[in-house]
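Just so it is clear: chains get the letters A, B, ... in the order the sequence lines come, proteins before strands, and each one is counted from 1.
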Amino acid sequence: MTKPAREAEHAGSTFDLTTWRPLPREFFDAPPEQVARLLLGKILVRRGRGGPLAGRIVETEAYLGEHDAAAHAASGRTARNAVLYGPPGHAYIYNIYGLYACFNISCLPEGVPGCVLVRALEPLQGIAEMRRNRGLNGSAGIHQLTSGPGKLCQALDISRAEDNGLDLTRADGRLGLVEDNFQCGEIRVTPRVGISRAADWPLRFFLAGHDCVSGRRG
DNA sequence: ATAAGGATGACCT
DNA sequence: GGTCATCCTTATA
């Protein structure tokens, strides 16, 4: 250990690995649109072999229950979406387009489906490893590492096979969410990205003007 | 603009 | 059982 792992590499974070406690279950036992908003500014931590990988959440989307045609719960409970019906605060990870993973967090009490999709992070810690995981060289900008749901899973080495169903509230878990007392500034709300049904519902939340937000940032 | 890529669920037999 | 359209995306042109 040449250097204490307590200091964030990237500017502006008070994140301290020696004291981090995951957000409690009650935080997630709430409607997805509320959790999605409150997750902005929090830190997603991945405990890896080469040390922690961490980033600040800058973009989220809420997916509601069976009345939300864009949600995986829309057609009722299946083997794939069982986590959505389980207790809050668990990782729901699915593969998309045969290529990428998407990381969601279950909300609402057991039996009631709903989740938040984490769409983008600002890399804070383990940036070199994120670059490696993404197959990018040193010239790739910070904002290319985790500015999209598939990108951030690749950067943090999150996969359905390894991580689906994980309890995110365990202090010793591989994945967790941490309070950072970060001042978010203006939060912008728009329709969700990449869906065809319920396409006008205002359930996407992101930090206005942040470089690491995916796609169009207005 | 669009191809890549594979799992999933809907809808049959 | 089988087939098929769809998909909460990304990196290329």
Side-chain angles (χ1 to χ4, degrees), chain A residues 28 31-37 39-40 44 55 57-86 88 90-108 113-123 130-166 168 175 177 188-207 211-217:
Chain A
F28 305 101
E33 57 270 44
Q34 175 186 319
V35 177
R37 206 178 259 278
L39 275 174
L40 293 176
L44 174 61
I57 297 174
V58 299
E59 179 182 359
T60 59
E61 283 176 357
Y63 287 85
L64 312 183
E66 296 177 0
H67 61 293
D68 180 358
H72 281 189
S75 47
R77 183 177 188 144
T78 67
R80 177 173 67 154
N81 67 22
V83 174
L84 297 178
Y85 290 78
H90 288 248
Y92 172 58
I93 300 166
Y94 62 89
N95 296 327
I96 182 98
Y97 298 105
L99 294 166
Y100 302 102
C102 291
F103 172 73
N104 303 254
I105 303 165
S106 65
C107 299
L108 296 167
C115 68
V116 172
L117 169 66
V118 178
R119 285 193 57 88
L121 306 174
E122 173 188 347
M130 292 188 199
R131 264 209 189 83
R132 237 175 294 130
N133 290 342
R134 294 265 294 120
L136 299 172
N137 61 35
S139 67
I142 289 285
H143 67 283
Q144 299 178 51
L145 297 179
T146 54
S147 56
K151 294 177 187 178
L152 73 89
C153 285
Q154 191 175 38
L156 300 200
D157 191 28
I158 294 171
S159 70
R160 182 184 181 199
E162 290 289 321
D163 303 310
N164 188 45
L166 282 186
L168 302 171
L175 280 169
L177 295 134
R188 202 150 294 171
V189 184
T190 73
R192 295 169 291 186
V193 173
I195 58 169
S196 54
R197 289 164 288 188
D200 56 343
W201 295 16
L203 293 176
R204 174 185 181 227
F205 306 88
F206 60 93
L207 303 189
D211 281 342
C212 297
V213 170
S214 74
R216 293 158 305 287
R217 304 201 285 275

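- Taking atom CG of residue N81(A) and atom C1' of nucleotide dA10(B), one finds them 14 Å apart after rounding to whole Å.
- At distances below 3.5 Å, not a single donor-acceptor pair connects side-chain atoms of H90(A) with backbone N or O atoms of S106(A).
- In this structure, Y92(A) atom OH and dC8(C) atom C1' are separated by 9 Å, rounded to whole Å.
- A69(A) approaches A198(A) most closely through the heavy-atom pair N-CB, 4.5 Å.
- In this structure, OH of Y100(A) is placed 16 Å from C1' of dA7(B), rounded to the nearest angstrom.
- Per the geometry, CZ belonging to R197(A) stands 9 Å off P belonging to dT6(C), to the nearest Å.
- Using Watson-Crick or G-U wobble geometry with both donor-acceptor distances under 3.5 Å, dC8(C) finds no partner in any strand shown.
- By the stacking rule of 5.5 Å between ring centres and under 30° between planes, Y97(A) does not stack on the base of dT10(C).
- Two residues are said to be in side-chain contact when any heavy atoms from C-beta on lie closer than 4.5 Å; Y92(A) and N164(A) meet this criterion.
- Aromatic pair Y63(A)/H72(A): centroids not less than 6.0 angstrom apart.
- Spacing between atom CH2 of W201(A) and atom P of dC8(C) amounts to 14 Å, rounded to whole angstrom units.
- The nearest whole Å value for the distance from the NE2 atom in H72(A) to the P atom in dT6(C) is 15 Å.
- At least one side-chain nitrogen or oxygen of R119(A) sits closer than 4.0 Å to the OP1 or OP2 atom of dT9(C).
- For the C1' atom pair drawn from dC4(C) and dG5(B), the interatomic distance equals 16 Å after rounding to whole Å.
- The phosphate of dA11(C) (OP1 or OP2) has a side-chain N or O of R134(A) nearer than 4.0 angstrom.
- Base pairing of dG5(B): no nucleotide in any strand meets the Watson-Crick or G-U wobble criterion (both distances under 3.5 Å).
- OP1 or OP2 of dT6(C) has not a single side-chain nitrogen or oxygen of S196(A) nearer than 4.0 Å.
- Two residues are said to be in side-chain contact when any heavy atoms from C-beta on lie closer than 4.5 Å; V116(A) and F28(A) fail this criterion.
- Proximity of F103(A) to L44(A): side-chain heavy atoms (C-beta onward) are separated by under 4.5 Å at one or more points.
- Nearer the 5' end of DNA chain B, as judged by each residue's closest nucleotide, is the contact made by L99(A), out of R160(A) and L99(A).
- dC7(C) and dT2(B): their C1' atoms are spaced 16 Å apart (whole Å).
- The side chain of R80(A) contributes an N or O atom lying less than 4.0 Å from OP1 or OP2 of dG9(B).
- Between T78(A) and dG9(B) there is a side-chain N or O to OP1 or OP2 distance below 4.0 Å.
- Here dC8(C) presents its C1' atom at 14 Å from CD1 of I93(A), a figure rounded to the nearest Å.
- Here A79(A) lies out of heavy-atom contact (under 4.0 Å) with every strand.
- Computed from coordinates, the Y94(A) OH to dG6(B) C1' distance equals 15 Å when rounded to whole Å.
- Taking only side-chain atoms of S75(A), from C-beta outward, the nucleotide of dG9(B), dC8(C), dT10(C) with the closest atom is dG9(B).
- An OP1 or OP2 oxygen of dT9(C) is reached within less than 4.0 angstrom by no side-chain nitrogen or oxygen of S214(A).
- Mapping I96(A) and K151(A) onto DNA chain C by nearest heavy atom places I96(A) at the nucleotide closer to the 5' end.
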